[in-house]
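Below, read A as the first sequence line, B as the second, and so on, with proteins coming before strands; counting in each chain starts at 1. What you are looking at is a predicted structure, and each value in this text was computed from that prediction instead of being measured.
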Amino acid sequence: MFELIKKEKKARLGVYKCSSGVVHTPVFMNVGTQAAIKGGLSAKDLELVGCQIELSNTYHLHLRPGDQIIKKLGGLHKFMGYNGPILTDSGGFQIFSLARLRKIKEEGVYFNSHIDGRAVFMGPEESMSIQSNLGSDIAMAFDECIKIPSDYSYVKKSCDRTARWLQRCVEEHNRLKETNPTNPEQVLFGINQGAIYHDLRIEHIKRITEFNLAGYAIGGLAVGEAAEDMYETIEAVEEYMPANKPRYLMGVGTPVNIIEAVYRGVDFFDCVMPARNGRHGSLFTWAGIMNIKNERYKDDERPISDECNCPVCKSYSRAYIRHLFAANEILGLRFAVMHNLFFYNSLMEGIRAAVKNEEFEGFRRKYIEILDRRI
RNA sequence: GGGAGGGUACCCAAGUGGCUAAAGGGGGCAGACUGUAAAUCUGCUGGUUGACGCCUACGGUGGUUCGAAUCCACUCCCUCCCA
């Protein structure tokens with residue numbers, strides 16, 4: 001259930017309530033694809049970094065360990081020791097990311113497992129069934145994440161199919177709710193597609209909002225298009241998204257992307273970036289992005305950021321973290337990811353406070369100049 | 001004292017007349033990363049230059065040759081075996 005608390009222009013402050021807890025929006029969902037945060041973080045660590053809601057993946061957990069096993073063990077929350085809200089992505093992104101390993105048909109997608117090559121079929125019903133077994137709080141519709149650039153004619157054809165898939169997702173989701181769900185409170189979010197063709201985006205969002213789902217996502221962005229194209233696409237779609245439902249911009253993004261999307265009316269985000277880039281040595285701060293592997297930090301006794309209250313910045317120096325990277329110690333990755341997730345969660349906290357105090361306009365102006373800068 | 005094998009760039013190591021400023025690793029230095037096939041991938045790593053080029057370089061010195069890391073002589077070091 002979503003409650004809109006306040007608006008500053010299009011930026012929204014809200015509260016999303018689900019069976020596993022309350023989420024204050026705008027929110028960044030911390031990504032734990034395989035029921036773990038890459039870089040060696042556990043559910044307990046998610047609390048330390050201020051995580052409100054976690055995201056896991058249908059395709060990956062279906063392949064390993066298998067959703068039947070997770071259901072048998074009491075669901076994903078219990079399995080990974082996390083009792084906060086969980087959103088599961090549907091497998092639709094893997095149609096994009098594992099493009100060389102799949103064939104799309106009307107009935108669904110024939111994957112060859114990236115692990116061992118075996119045939120794995122996933123359609124709307126399978127995705128819903130797996131997510132039902134996982135027992136996440138929010139299930140995502142099975143969609144095709146379309147690469148950009150793609151021909152108009154292909155995008156149109158794909159959007160029509162994703163809309164037909166949504167019909168099947170809704171029916172299966174309702175059916176499973178009645179039978180033997182791991183989490184009877186699970187809700188379904190729909191996903192808008194259309195690449196950067198505004199007319200297709202609008203046609204598609206109109207079509208999927210007819211299902212009156214618990215929330216709506218904008219998918220298929222940040223897949224190669226210019227940032228400006230992404231912002232314009234959000235603006236085009238946003239007008240047609242229900243005001244009383246959460247809006248989720250999937251897979252985005254940089255701190256500046258997030259600010260710009262909040263500015264255009266988005267509530268939910270998720271991105272691999274703080275975890276992946278952290279593992280690769282890029283650390284996000286209020287002053288910009290630093291590469292902790294750089295030589296200039298070899299004897300720097302300061303924390304990553306003086307303005308940061310994360311567990312890493314409270315105890316360790318840049319020199320120490322750089323050393324951990326150089327020495328190939330996994331502790332370095334863990335610290336980097338912890339810091340970055342803490343930063344992203346703090347960024348969202350800052351955004352919420354700004355909207356609450358009607359200072360978001362100034363917050364945006366200040367930070368879009370700073371946060372993507374390399375320092 | 002006798003015999004054998006070696007000395008190549010920061011390190012290890014390939015190369016036995018021109019296609020070699022020198023393979024491949026490691027190390028070092030940078031960059032990329034957006035619903036995670038990523039503790040990954042890419043580039044650079046003798047000097048100078050925007051580039052062409054020029055200079056310096058395969059233990060040292062001196063030769064042979066149009067041309068040498070590569071062939072010859074002497075020499076200095078290292079490892080192993082025998083006495």
Using distance only, find each side-chain donor-acceptor pair of residues 32-51 of chain A under 3.5 Å and give its atom names and separation, not counting sequence neighbours.
from    : atom 1 : to       : atom 2 : distance (Å)
A:Ser42 : OG     : A:Lys44  : N      : 3.3
A:Ser42 : OG     : A:Asp45  : N      : 3.4
A:Ser42 : OG     : A:Asp45  : OD2    : 3.2
A:Asp45 : OD1    : A:Arg334 : NH1    : 3.4
A:Asp45 : OD1    : A:Arg334 : NH2    : 3.2
A:Asp45 : OD2    : A:Ser42  : N      : 2.8
A:Asp45 : OD2    : A:Arg334 : NH1    : 2.7

Charged N-O contact under 4.0 Å between [X] and [Y]:
X: A:Arg175; Y: A:Glu172; answer: yes
X: A:Lys206; Y: A:Glu210; answer: no
X: A:Glu295; Y: A:Arg322; answer: no

Please list, by residue number, the residues of [range] whose heavy atoms come closer than 4.0 Å to an atom of RNA chain B; answer none if no residue qualifies.
range: residues 130-148 of chain A; value: A:Asp143, A:Cys145
range: residues 31-43 of chain A; value: A:Val31, A:Thr33, A:Lys38
range: residues 244-254 of chain A; value: A:Met250, A:Gly251, A:Val252, A:Gly253, A:Thr254
range: residues 198-220 of chain A; value: A:Gly220
range: residues 45-67 of chain A; value: A:Leu55, A:Asn57, A:His60

Which atom pairs link the protein and nucleotides 25-31 of chain B when you take only N or O atoms and keep those under 3.5 Å?
from  : atom 1 : to       : atom 2 : distance (Å)
B:C29 : OP1    : A:Arg322 : NH2    : 2.5
B:A30 : OP1    : A:Glu295 : N      : 3.4
B:A30 : OP2    : A:Glu295 : N      : 3.1
B:G31 : OP2    : A:Asn291 : ND2    : 3.3
B:G31 : OP2    : A:Asn294 : ND2    : 3.2

Nucleotide B:U34, atom C1' - distance to CD of A:Glu260 in whole Å:
15 Å
According to side chain to side chain contact (heavy atoms under 4.5 Å, CB included), who are the partners of A:Lys10, at least two apart in sequence or on a separate chain?
A:Glu238
Short question: side chain of [X], backbone of [Y] - any donor-acceptor pair under 3.5 Å?
X: A:Asp270; Y: A:Gly251; value: yes
X: A:Asn340; Y: A:Phe284; value: yes
X: A:Asn30; Y: A:Glu54; value: no

Under the ring-ring contact (aromatic ring centres under 6.0 Å, His included) test, residues paired with [X] that sit two or more places apart:
X: A:Tyr154; value: none
X: A:Tyr320; value: A:Tyr316
X: A:Tyr231; value: none

Students often get this wrong, so: under 4.0 angstrom with heavy atoms, is [X] touching a base, only sugar-phosphate, or nothing?
X: A:Leu101; value: base
X: A:Asn277; value: base
X: A:Glu329; value: nothing

Assess whether ring-ring contact (aromatic ring centres under 6.0 Å, His included) is satisfied between A:Phe268 and A:Tyr16, documenting all intermediate values.
CA-CA 10 Å; A:Phe268 279 56; A:Tyr16 182 78; 5.7 Å; yes
Could you check A:Met230 against A:Asn328 and say which one's nearest nucleotide on RNA chain B is further toward the 5' end?
A:Met230
ring-ring contact (aromatic ring centres under 6.0 Å, His included) contacts touching residues 39-63 of chain A (sequence neighbours left out)
A:Tyr59-A:Phe111, A:Tyr59-A:His114, A:His60-A:His114
What is the base-pairing partner of B:A51, counting Watson-Crick and G-U wobble geometry with both distances under 3.5 Å?
none
Do A:Ile258 and A:Leu283 belong together in a cluster built from hydrophobic side chains that touch within less than 4.5 Å?
yes
